[in-house]
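Data block below; observations after.
Remember, predicted model here, so these are calculated numbers, not experimental data. Order of the sequence lines fixes the chain letters, A, B, ..., with proteins taken first and strands second; residue numbering starts at 1 for each chain.
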2 protein chains.
Amino acid sequence: MWTFDAPPLAYWQETYGFKADQGWLDHVRLSAVRIPGCSASIVSKDGLVMSNHHCARSCVTAVSPPDTSYQVTGFVAASMAEEKRCPGMWADQLQSIEDVTPRIRAAVTSTDEVRQAEQRDSAISAITHECDEATGLNCQVVTFYQGGVYSLYRYKRFNDIRLVMVPEEQAAFFGGDPDNFTYPRYDMDISLLRIYENGKPRTGGDYLHWSANGAKEGELVFVVGNPGSTGRLLTVAQMEYLRDVVYPATLARYERTLSVVKKLSARSEADRRRYENTIFGLQNSQKAVNGYLTGLLDQQKMARKQAFERDFRNRIDADPTLKARYGGAWDAIADALTQERSFAVQGRYYGFGGSRLLGLAGRIVLLPQEEALPDSLRMGPYRGNGIERMKAEVTRAGELDPEMERLTLTAQLEAARSELPPDDPYLEAVLGGRTPAAVAAALVNGTKLTDASVRAALLDGGASAVKASTDPLIVVARKIAPLELDLARRDRPLEATVANNAELIGRAIFAAYGRSLPPDATFTLRISDGVVKRYPMNGTYAPYKTTFYGLYARSADFDDEAPWNLTPRWAEAVDKLDLSTPLDFVTTNDIIGGNSGSPLINRNAEIVGLAFDGNIQFLPNRFIFSDDVGRTVAVHSAGIIEALRKVYGANWIADELQGR
Amino acid sequence: MWTFDAPPLAYWQETYGFKADQGWLDHVRLSAVRIPGCSASIVSKDGLVMSNHHCARSCVTAVSPPDTSYQVTGFVAASMAEEKRCPGMWADQLQSIEDVTPRIRAAVTSTDEVRQAEQRDSAISAITHECDEATGLNCQVVTFYQGGVYSLYRYKRFNDIRLVMVPEEQAAFFGGDPDNFTYPRYDMDISLLRIYENGKPRTGGDYLHWSANGAKEGELVFVVGNPGSTGRLLTVAQMEYLRDVVYPATLARYERTLSVVKKLSARSEADRRRYENTIFGLQNSQKAVNGYLTGLLDQQKMARKQAFERDFRNRIDADPTLKARYGGAWDAIADALTQERSFAVQGRYYGFGGSRLLGLAGRIVLLPQEEALPDSLRMGPYRGNGIERMKAEVTRAGELDPEMERLTLTAQLEAARSELPPDDPYLEAVLGGRTPAAVAAALVNGTKLTDASVRAALLDGGASAVKASTDPLIVVARKIAPLELDLARRDRPLEATVANNAELIGRAIFAAYGRSLPPDATFTLRISDGVVKRYPMNGTYAPYKTTFYGLYARSADFDDEAPWNLTPRWAEAVDKLDLSTPLDFVTTNDIIGGNSGSPLINRNAEIVGLAFDGNIQFLPNRFIFSDDVGRTVAVHSAGIIEALRKVYGANWIADELQGR
């Protein structure tokens, strides 16, 4: 994930025999655009922009006519005149990058930490404002290496973006949640948009040409896009904390919720439909977290991380100045996390989790207390406009399923009982010797908080009303509140220690390795090199590409049952298609969320594909990158053309992409 | 894997609502046949027999004309007249089963163990001979539960078996070794044979009808065939020994050999071709052993096994007679294995492994010594006609690649050096402080044993010639021999203890559970129930079936590269086929090697498929059965008909199968 002002030219030349000159880099940079939450690229001389289907979802919904959902039907403009403007959509084109670290360092003169932050923020504001004024561009100061480098990114922003073509969501997300994060895959996850300027398609300027054949196995390809966030600079202690404490608890919580939702779902066909997406969503989250955890549990991967950390610390310790500045950061983090571990179980249960009703009761109890404090002494969620937001949430009446409340609360209390020591004050306060099921039933049946006006009256009544209330949920919440507040007081300084020292380590990375180690992802433009490559899977190999044959195969394998059903367009097109056309393919490039919609280009900067996902073995890359079996999954350029011409009858768009 | 004289009728009725009557069971039994090493079934009124392609391999090779290989081209008889007789092939049809345990028990009257075995063997011979004479059938006494039950199996043997049709090996074994033991899979692994009697197709008698539609997901299916061997009655201690000692060493050995063969293979294109199959074969063995090991390393599976063993021992201990007879067997095995563990590393290296030349030298040294002993005191391989066989092997000149000899011996010696203690006498004898590479080079370059006449002369010269030899390999072998002999002396009584007590446990199983636990596999006819079922894989689901689409997909995914290349017939047929026809499918039935060629039938005893493999998750079932993700892989009945009609132009055979 290299930044465009520090590409590893020597490494590329050595590894691939590829020499990128400045012209190549500038052309690629100017052909890439960032859109809300995603990446994209300009792919024709008339401003056609390519991204993923899921990146254009809000536009697709917004421009659908009242009686039709383009999510379901797809959309193909018959000509430019039919292209539909996407409300609120923009595209940012990166014009230039400037290192502003010295200016920001110069501005930070205080020795007081709070004052330092103010000085830094004010320098960043000044630089941004000055740049906006001077250039008319959209300027942003980006913090790399958690403060090791500050760069000024200048973007040209295009505000008139129109929808040209999207496939049906079912074709873009074929296989749905079960196949999400997996490969082999059969998704046409594309969207085509167009940049307009002054009401006309933008013409001229840089754009990526279309490759005649796409990429072959073993071929060098680049991904150009905006990776959102990685955790590769975390220390070993932080990764171990995630591995041992955070993720196991997260998975246990998902599992508890899933088991409740499955029970609810089994009540009736209507409930099955009602909870289907919740179940899929939870299973998808399980899949992702399990993937992260797999990497952290992988002893080889962790050994690599440990070796890196040893080398890193040795480099810092070898220089007395660096040692004095950064040398203590790792132990400081490790110590803080050791302390956090000692009450991590309490941290999971002291609070108002497990039931929406209990959550509302907790807020009703805490709001008067927090409101009475100065902002800086409040708990995080109650700062700033938190109080107002919370009040609105408490009074907004949502639908509450009492059966669900009872079951989730029971599950939460059962988990608390099995994890906390028997004499823990939380158990005493909430259960008092009764069973979780009995307590949950009594609380949910006995409370009046299901009524929004009752909640509003309690809010209005303030501390005295809360104190006087005999509502069983308020009574319990009053007992839990001091436990939570006490724990938060213990936790707050430890969290600050971790955050401050993580920032030091970020700077130390840059001090020790300079630009030879790319910074963690920042949702700004990066370029990543890799090759098209099969990988060992399931006792055999996952092929480097899939084909249209495979799409029809997977549908037929499941008897065309959702989410493996073909759309009518695809079902009809089968006899027209060359079924051996590549559909998706995999590469060793390094991407992460935010890279969705990134173009894959060959050494001639021609489009060979469109990144849309990673395989399941790729999930651990969030923390430790490895390309042994982790892969980027992309739509193949040849598949896009074949589908446009034969499934979507969009020859004019295919011609435009192919420069005909 | 139920025997036909003890099917779990109540269990089937309870689980599937399926009531099998004696007529159904007899019909199914008489429709099944056993062929050499495989299972098969009669599938038409004119004696057509269906099995796997790989079960007919020797016949296919034998009947190929001089200028053609039917392995490559496939074979389709245009009519019955063209069917080709398979030399040496037979088919056994099970006529009846009789429990002969009482008669054998009655014959064993001695208290001496050796005499007991003789009495038992002689009773078995008598029963078999008497049955052969009386019935004209082929009779066999089968030992179940390692001696808990003896049954007389009476077979009708058919000796005139002819080849009707086989696909090309590439279609039957599409995906080759990489896809072996995996699923999703796309193999047309069938062969069609015919039983002839008196020179004419056998007509009449029981046969399995063809299902009109094949099986749907969730449907009950039975596998009827001859599973070869399972290790489910092994004790926990035996499984732990395999897990901790045997399999890791096996895998290390495969890895050593592989790394050598890969080096040799990299020397030239000719070497690549020469060693290609060796590499695939080794990788396949790795895959299998890794699969077994995965099961033994699976804590949940092992916990189930441990719980079973506790229950089993409790049942035995609860009955004083059983306790006296069997109660000590588990600890006796565990103690013996603990002792074996103490010299397992020595056991791996004390000997003549790692080089064919060293192996020959070892035999030359040992043969005169062993020949001088009475048979019962010799090491196992030298007993019976072992001496003659060994001498023939030693003098038979095979091609020896000195480079391979040097590399494999180096690898063996390096492994010995890294595993044995530094002062181990083997290292002292063989290396004497030099490096493995130097020793291997000196031995391989210095020996004359590559010359068969030199080896023959040493054999002829007997002990004195061996003693006088200065050939460096003979010198080393003379030093190794006493180490090996000493170790064998320590090992022999321990192995006997394990074997004797394992037999007791086999009998104890029957005593404790009767027929409610089916006996371990014995390559005799069994019936296994299961359902057609998808399973979780790779973050999503493996579908319950694959289709012809998938075959063309997997070929296209790999650019038609071997072993995923289509045969000319299949490449040409693509436009004629209904590509959504099912090709292979998976079920939860319990099978193992020997079941290859078994029919899958529905509750109407109609053919719905043909078993040919298990998925990779199925390999642990050798020791502990589980159907969570382990699956039987079968060819689908509809795929067989579609291929016969449209790929192989064999309508007359398809008509016969479908009873038209």
Using modelled atom types only, decide if a donor and an acceptor are shared between the side chain of A:Lys287 and the backbone of B:Thr540 within a distance under 3.5 Å. no
Less than 3.5 Å apart, any donor N or O on the side chain of B:Tyr541 or A:Asp179 sitting next to an acceptor on the other? no
With chain A, the option among B:Ala553, B:Ala542, B:Ser555 that has the most non-hydrogen atom pairs under 4.5 Å is B:Ala553
For chain B, which residues of residues 620-629 of chain A have at least one non-hydrogen atom nearer than 4.5 Å to it? none
What part of B:Asp559 lies closer than 4.5 angstrom to a heavy atom of chain A: side chain, backbone, both or neither? both
Does B:Asn538 use its side chain to pair, donor to acceptor, with the backbone of A:Thr182 at less than 3.5 Å? no
Can you say whether B:Gln286 sits under 4.5 Å from chain A via the side chain, the backbone, both, or neither, judging by heavy atoms? neither
Toward chain A, the part of B:Leu579 with a non-hydrogen atom under 4.5 Å: side chain
Please check if atom CD in B:Glu269 has more than 12 non-hydrogen atoms from other residues, nucleotides or ligands closer than 6.0 Å. yes
Picking from A:Trp564, A:Tyr544, A:Phe548, which has the most non-hydrogen pairs under 4.5 angstrom with chain B? A:Tyr544
Within 6.0 Å of CD in A:Gln300, more than 12 heavy atoms from elsewhere: no
The ring pair (Phe, Tyr, Trp, His ring centres under 6.0 Å) partner of B:Tyr549 among A:Tyr552, A:Tyr186, A:Phe558 is A:Tyr552
Under 4.5 Å from any heavy atom of chain A, what part of B:Phe585 do you find: side chain, backbone, both or neither? neither
Nearest 0.5 Å, please: how far is CD in A:Glu217 from CD in B:Glu561? 7.0 Å
For B:Ile616 and A:Gly539 the tightest heavy-atom approach is CD1-CA, 3.5 Å
Scored by heavy-atom pairs under 4.5 Å with chain A, the best of B:Arg554, B:Arg534, B:Gln617 is B:Arg534
Considering only heavy atoms and a distance below 4.5 Å, find which of A:Pro536, A:Pro184, A:Pro543, A:Gly175 pairs most often with chain B. A:Pro543
Quick one: does A:Lys545's side chain have a donor or acceptor within less than 3.5 Å of a partner on B:Ala556's backbone? yes
